[in-house]
Amino acid sequence: MTSWFHFHTFFIVAMGLVLIGLTMIQWWRDVIRESTYQGLHTSNVGVGLRWGMALFIVSEVCFFFAFFWAFFHSSLAPSLELGSCWPPVGVCPLNPAEVPLLNTAVLLASGVTVTWGHHGLMGGDEKASVDGLFLTVCLGVYFTFLQAGEYMDVSFAISDSVYGSTFFVATGFHGLHVLIGTAFLGVCLYRVISGEFSPAHHFGFEAAAWYWHFVDVVWLFLYLTIYWWGW
């Protein structure tokens, strides 16, 4: 990405994306084989996977905590170079009652649909599980579409003072997490349709749901601080 930004060559980025995609596909393929066909995911392995996912989410909390720290460090005591005010002089922030509010409603609705799908799977209702997961994936794609439109319409750039830096880094990394979570749930949707989950054995679904709820909660903090409070 650094090469792309500075030298406008997309080859390295494209190669990196291909390698990441290949790694994801092969990793998920191996996990599915081990759990579904080889019976290697015993109760002890399941506990390890749960701890691993929980610690991964904790590390993501720390990751976003750094962005919120940067935002509050600059916004609570704006420097003289920023005009001693927040938002800085010359920066026109987005209206929190427009697209950001719609995005909030979309993500909250997706939290409801993924829970619906999870309860459907636990109750043995495959149709409810598929419907809930499909709606969640659609809402994730819709959120990404709305955020892309927001980025194209915004009047400031990532280079416009610390406000632009914190805004685009925090919301951009959240958008990346939405893309990852959507892919994660898409794999779970495929596995539900293929009959690879059962009411008693579906940690892949649970891990995706945990991750998606984490993404929802982070967005609520982003909306309340960067969009609404920082307006």
Side-chain angles (χ1 to χ4, degrees), residues 24-64 101-147 173-224:
M24 290 170 61
I25 292 170
Q26 292 180 329
W27 181 79
W28 263 316
R29 180 203 63 189
D30 291 344
V31 170
I32 291 171
R33 286 176 178 175
E34 293 168 359
S35 63
T36 306
Y37 303 111
Q38 297 176 346
L40 299 179
H41 284 195
T42 62
S43 58
N44 287 336
V45 174
V47 171
L49 289 172
R50 281 171 169 78
W51 272 108
M53 191 66 194
L55 291 173
F56 169 68
I57 291 176
V58 169
S59 73
E60 293 288 275
V61 171
C62 297
F63 180 73
F64 278 99
L101 184 59
L102 176 58
N103 268 340
T104 303
V106 168
L107 273 191
L108 290 177
S110 71
V112 174
T113 55
V114 74
T115 303
W116 172 35
H118 187 204
H119 281 274
L121 181 59
M122 290 191 297
D125 188 348
E126 182 180 336
K127 183 179 184 304
S129 182
V130 170
D131 291 345
L133 263 179
F134 178 74
L135 286 175
T136 307
V137 171
C138 290
L139 289 171
V141 172
Y142 185 46
F143 176 92
T144 302
F145 173 78
L146 289 173
Q147 191 170 45
F173 270 111
H174 177 270
L176 178 63
H177 282 70
V178 171
L179 286 173
I180 295 170
T182 303
F184 202 170
L185 291 169
V187 172
C188 290
L189 176 60
Y190 169 78
R191 296 188 66 188
V192 170
I193 295 173
S194 301
E196 296 179 358
F197 287 141
S198 68
H201 194 83
H202 57 269
F203 177 68
F205 195 140
E206 289 182 359
W210 291 359
Y211 187 82
W212 196 253
H213 288 310
F214 160 75
V215 170
D216 287 350
V217 172
V218 169
W219 175 258
L220 289 177
F221 281 102
L222 283 172
Y223 176 75
L224 292 175

Closest heavy-atom pair, S110 versus D216, reported as atoms and distance to 0.1 Å, is OG-OD1, 3.8 Å
Determine, stepwise, if the pair V192 / H202 fulfils side chain to side chain contact (heavy atoms under 4.5 Å, CB included).
-> CA-CA 9 Å; V192 170; H202 57 269; over 6 Å; no
Can R191 and T36 be said to form a side chain to side chain contact (heavy atoms under 4.5 Å, CB included), step by step?
-> CA-CA 10 Å; R191 296 188 66 188; T36 306; 3.1 Å; yes
Please identify each residue that fulfils ring-ring contact (aromatic ring centres under 6.0 Å, His included) with Y223, with sequence neighbours left out.
-> none
Would you name the heavy atoms of L185 and A208 that are closest together and state the gap between them?
-> CD2-CB, 3.7 Å
Any pair counted as side chain to side chain donor-acceptor pair (under 3.5 Å), so long as it reaches residues 125-142, sequence neighbours left out | T113-T136, K127-D131
Residues pairing under side chain to side chain donor-acceptor pair (under 3.5 Å) where one sits in residues 44-60, two or more places apart or in two chains, turn out to be R50-E206, E60-H177
Between Y37 and E196, does a side chain to side chain contact (heavy atoms under 4.5 Å, CB included) hold up when you go through it step by step?
-> CA-CA 9 Å; Y37 303 111; E196 296 179 358; 3.4 Å; yes
Are L139 and L107 side-chain neighbours, meaning at least one heavy-atom pair lies under 4.5 Å?
-> no
Is there any salt bridge (charged side-chain N to carboxylate O under 4.0 Å, His left out) pair reaching into residues 102-119, and which pairs are they, with sequence neighbours excluded?
-> none
To the nearest 0.5 angstrom, please state how far the CD1 atom of I57 sits from the SG atom of C62.
-> 12.5 Å
Evaluate whether atom CZ of F221 has more than 12 neighbouring non-hydrogen atoms of other residues, nucleotides or ligands under 6.0 angstrom away.
-> no
Output the distance between atom NE2 (H201) and atom OG (S35), rounded to the nearest 0.5 Å.
-> 5.0 Å
Contact check, side chains of V130 and L189, non-hydrogen atoms, under 4.5 Å = yes
Test F64 against W219 for ring pair (Phe, Tyr, Trp, His ring centres under 6.0 Å), laying out the working first.
-> CA-CA 10 Å; F64 278 99; W219 175 258; over 10 Å; no
Nearest heavy atoms of H174 and V215, plus distance in Å | NE2-O, 3.0 Å
Show the numbers, then the answer: is there a side chain to side chain contact (heavy atoms under 4.5 Å, CB included) between L179 and T144?
-> CA-CA 7 Å; L179 286 173; T144 302; 3.8 Å; yes
With a cut-off of 6.0 Å (strictly less than), are more than 12 heavy atoms of other residues, nucleotides or ligands near CZ of F214?
-> yes
Residues passing the ring-ring contact (aromatic ring centres under 6.0 Å, His included) test with F145, sequence neighbours excluded, are none
Side chains of T115 and H119: closer than 4.5 Å at any heavy-atom pair?
-> yes
Taking ring-ring contact (aromatic ring centres under 6.0 Å, His included) as the test, write out the residues that go with H41, two or more places apart.
-> none
Quick one: sort the W28 and F184 rings into parallel, tilted or perpendicular, breaks at 30° and 60°.
-> tilted
d(W27 CH2, I32 CD1) to nearest 0.5 Å is 9.5 Å
Is the closest side-chain heavy-atom distance between F143 and T182 below 4.5 Å?
-> no
Which of parallel (below 30°), tilted (30 to 60°) and perpendicular (above 60°) describes W210 and F203?
-> perpendicular
Closest approach of A128 to W116 (non-hydrogen atoms, all atoms of both residues) = CB-NE1, 3.7 Å
Roughly how far apart are M24 CE and R29 CZ, rounded to 0.5 Å?
-> 14.0 Å
